[in-house]
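Throughout, a chain's letter reflects where its sequence line sits, starting with A, and its residues are numbered from 1.
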Amino acid sequence: MPELAEVEYYRKRWLPALEQSVARVCLHADKRIFRGADSAALARNLTGECFEAALCHGKQMCFRFGNQHWLGVHLGMTGKLRHTANAVAVEKHDHLVLEMVGGGALVFSDPRLFGRILYANTSEPPDWWANLPPEVLSAEFSEDWVNRFLDRRAGAPIKAVLLMQERFPGIGNWMADEILWRARIHPATRAGRISKLKRRALFKSIREVSEDALAVIGTDWKRPPDDWLFNHRWKDGGRCPRTGGLLKRETIGGRTTCWSPLWQPLRV
DNA sequence: CTATTTGTTTATCC
DNA sequence: AGGATAAACAAATA
């Protein structure tokens, strides 16, 4: 589930423990979320360290403990973060629990195990945190920068291109559909066939959907307004807020995709 | 029992 | 070589 704004929402869930120290680390070391990470070192080294920073970039999160302990969290499809005020019973899917000296706990849970925990013990930020593409709301993320990518991925459906994290960090399935709906571009359009005019609309839409998503979901996860595609996209018989016409759902770019055929005509 | 899932990585084909 | 696409991953839910 978690895309740009949901990741920001979950990042904030851990803020109540900021400036507290780790009393004890409990984890399910054999679970898939620790693939590639040294979970034993993580548990040993974080104990006693102070929780100093909580950051995110696209769908990647980074929590710093002390000056040189970097905990990376990716939520995958079903990952969640929460803070519990008191030590509550650990649930089945709570794969990483940081008990804090104050008595609360930081919890990462993930039933489907598509998420990932990273850990580095280095004075400088590790590669997975230092080498990330410009964020969609940053100045470096320019129209030119996007258009060059559309030309490089000219043969792929635009829906698939928007999901590529190397250029559009944080954009996921629902955001991509929302972006294309607002820009009135059919999701199956080959990226290279999008007109100059539509590219402008696309760029604007990427920015707007990202800002709107952060405003609505990023802080307290309010229900998005009904004039977004969001509230209609999964319902059978869902209707386009703009045209009132029936929405269509199909697999495009390997993912379930929803669009409004009247509003987003396919021009090939 | 079958089909579905808002993500990423790996394999395979072109 | 690099791009496009499908499969795999795991488990809950309908």
Item checked: Aromatic A:Trp174 / basic A:Arg233 pairing, under 6.0 angstrom, 45° off normal -> no
A:Arg152 atom CZ is separated from C:dA4 atom C1', nearest whole Å, by 13 Å
For DNA chain C, the expected dot-bracket line (Watson-Crick or G-U under 3.5 Å, [ ] crossing, | inter-strand) is .||||||||.||||
Taken to the nearest whole Å, CD/A:Glu8 to P/B:dT6 is 23 Å
Specify whether A:Trp14 and A:Phe63 have parallel, tilted or perpendicular ring planes, treating 30° as the upper limit for parallel and 60° as the lower limit for perpendicular.
-> tilted
* Asked: If the P atom of B:dA3 is compared with that of C:dA7, how far apart are they to the nearest Å?
  -> 14 Å
Closest to the 5' end of DNA chain C, once A:Arg153 and A:Arg32 are matched to their nearest nucleotides, is A:Arg153
- prompt: Contact class for A:Gly254 vs. all strands (heavy atom < 4.0 Å): base, sugar-phosphate, or nothing?
  reply: nothing
note: A:Leu162, atom CG; B:dG7, atom C1'; distance rounded to Å ~ 15 Å
- Task: Any chance you could lay out the salt bridge (charged side-chain N to carboxylate O under 4.0 Å, His left out) test for A:Glu49 and A:Arg64, step after step, and finish with the verdict?
- Result: CA-CA 9 Å; A:Glu49 293 291 337; A:Arg64 183 166 53 80; over 6 Å; no
Other residues, nucleotides and ligands only: do more than 12 of their heavy atoms fall within 6.0 Å of CZ on A:Arg148?
yes
Short heteroatom pairs, N/O only, protein and nucleotides 8-10 of chain B, under 3.5 Å:
unit_1 : atom_1 : unit_2  : atom_2 : d
B:dT8  : OP1    : A:His74 : NE2    : 2.9
B:dT8  : OP2    : A:Lys59 : NZ     : 2.9

Is any side-chain N or O of A:Thr256 closer than 4.0 Å to OP1 or OP2 of B:dT5? yes
- Would the number of heavy atoms belonging to other residues, nucleotides or ligands and lying under 6.0 Å from NZ of A:Lys248 be above 12? no
(message) By the 4.0 Å heavy-atom rule, please label A:Ala176 as base, sugar-phosphate, or nothing.
(response) nothing
Rounded to whole Å, CZ of A:Arg167 lies from P of C:dA4 at a distance of 13 Å
task = Taking atom CZ of A:Arg207 as the centre, report whether more than 12 heavy atoms of other residues, nucleotides or ligands fall under 6.0 Å from it.
result = yes
Produce the list of close N/O pairs, under 3.5 Å, pairing protein atoms with atoms of nucleotides 11-14 of chain C; give distances to one decimal.
unit_1 : atom_1 : unit_2  : atom_2 : d
C:dA12 : OP1    : A:Lys92 : NZ     : 3.0
C:dA12 : OP1    : A:His93 : NE2    : 3.3

**OP:** For A:Arg249, report the nucleic acid contact type (base, sugar-phosphate, nothing); a contact means any heavy atom under 4.0 Å.
**Re:** nothing
Whole-Å distance, A:Trp234 CH2 to B:dT4 C1', equals 9 Å
Review point. So, is the end of the A:Arg13 side chain (NZ or CZ) under 6.0 Å from the ring centre of A:Tyr9 and within 45° of the ring's axis?
Key: yes
Next on the checklist: Using atom P in both nucleotides, what's the gap between C:dA6 and B:dT4 to the nearest angstrom?
Outcome noted: 15 Å
In whole angstroms, the gap separating C1' of B:dT5 from CG of A:Leu75 amounts to 16 Å
In whole angstroms, the gap separating C1' of C:dT5 from CD1 of A:Ile252 amounts to 14 Å
Measure from the side-chain N and O atoms of A:Arg32 to the backbone N and O of A:Leu113, and report whether any donor-acceptor pair falls under 3.5 Å. yes
(request) Evaluate whether atom CG of A:Asp30 has more than 12 neighbouring non-hydrogen atoms of other residues, nucleotides or ligands under 6.0 angstrom away. (result) yes
For A:Arg233 and B:dT6, is the shortest distance between a side-chain N/O and OP1 or OP2 below 4.0 Å? no
- Do we see a donor-acceptor contact under 3.5 Å between the side chains of A:Glu124 and A:Trp70? no
Whole-Å distance, A:Asp236 CG to B:dT5 P, equals 11 Å
Dump the intermediate steps for side chain to side chain contact (heavy atoms under 4.5 Å, CB included) on A:Phe114 and A:His74, then the final yes or no.
CA-CA 9 Å; A:Phe114 284 9; A:His74 194 294; over 6 Å; no
task: Evaluate the ring planes of A:His95 and A:His28, with Trp represented by its six-membered ring, and classify them as parallel (under 30°), tilted (30 to 60°) or perpendicular (over 60°).
output: perpendicular
